[in-house]
Amino acid sequence: MAAARRGLGYAILVKSACQTLLDTGELEALVLNKPAAPLQLFATYPQRRYLPRKVRALAEHFAQSLLPMGQGLAR
């Protein structure tokens, strides 16, 4: 986003993350001919045996809230 704010290119951002900058004119919304590529999010950790509860809870939260219906968490 910093490069886009300086006019050095564009960024594909979640609108809620940059709404203030759009409102003030610091960023400008563009309409693209094609949609952005699907989001891929990976959580990697050295082992599952002693995975802290907070890390497991975060991974489960992402799996439940960000994945489309019908897809599960790869293990």
Side-chain angles (χ1 to χ4, degrees):
M1 182 167 38
R5 289 175 74 181
R6 288 187 291 221
L8 300 175
Y10 66 92
I12 298 173
L13 303 167
V14 176
K15 194 171 186 179
S16 61
C18 61
Q19 187 62 57
T20 303
L21 298 171
L22 291 169
D23 293 343
T24 63
E26 193 169 343
L27 285 180
E28 190 176 320
L30 301 175
V31 178
L32 302 176
N33 294 336
K34 295 183 179 180
L39 173 68
Q40 291 185 343
L41 183 63
F42 299 92
T44 58
Y45 34 86
Q47 60 182 342
R48 294 177 65 194
R49 188 174 197 173
Y50 300 110
L51 188 64
R53 277 186 286 182
K54 289 180 181 181
V55 175
R56 185 178 307 277
L58 181 62
E60 291 295 331
H61 169 74
F62 284 152
Q64 292 174 4
S65 62
L66 298 178
L67 293 177
M69 294 296 275
Q71 290 187 2
L73 181 64
R75 297 185 190 256

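Computed from a predicted model, the values in this text were never measured in an experiment. Heavy-atom basis, side chains included; hydrogens, waters and symmetry copies ignored.
- Within the structure, the side chain to side chain donor-acceptor pair (under 3.5 Å) test picks out the following pairs touching residues 14-23 (sequence neighbours left out): Q19-D23.
- Cluster annotation: Y10 and L13 are assigned to distinct hydrophobic clusters (Ile/Leu/Val/Met/Phe/Trp/Tyr, side-chain heavy-atom contacts under 4.5 Å, transitive).
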Taking only distance into account, with no hydrogens and no angle test, what donor-acceptor pairs under 3.5 Å do side-chain atoms of residues 25-35 form with protein atoms, sequence neighbours excluded?
from: E26; atom 1: OE2; to: R5; atom 2: NE; distance (Å): 2.8
from: E26; atom 1: OE2; to: R5; atom 2: NH2; distance (Å): 2.8

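- Across all their heavy atoms, M1 and C18 have their closest contact at SD-CB, 4.1 Å.
- Annotation for T24 and L21: closest pair OG1-O, 3.2 Å, computed over non-hydrogen atoms.
- Every residue was checked against the side-chain contact (heavy atoms from CB on, under 4.5 Å) condition with R53, not counting sequence neighbours, and none meets it.
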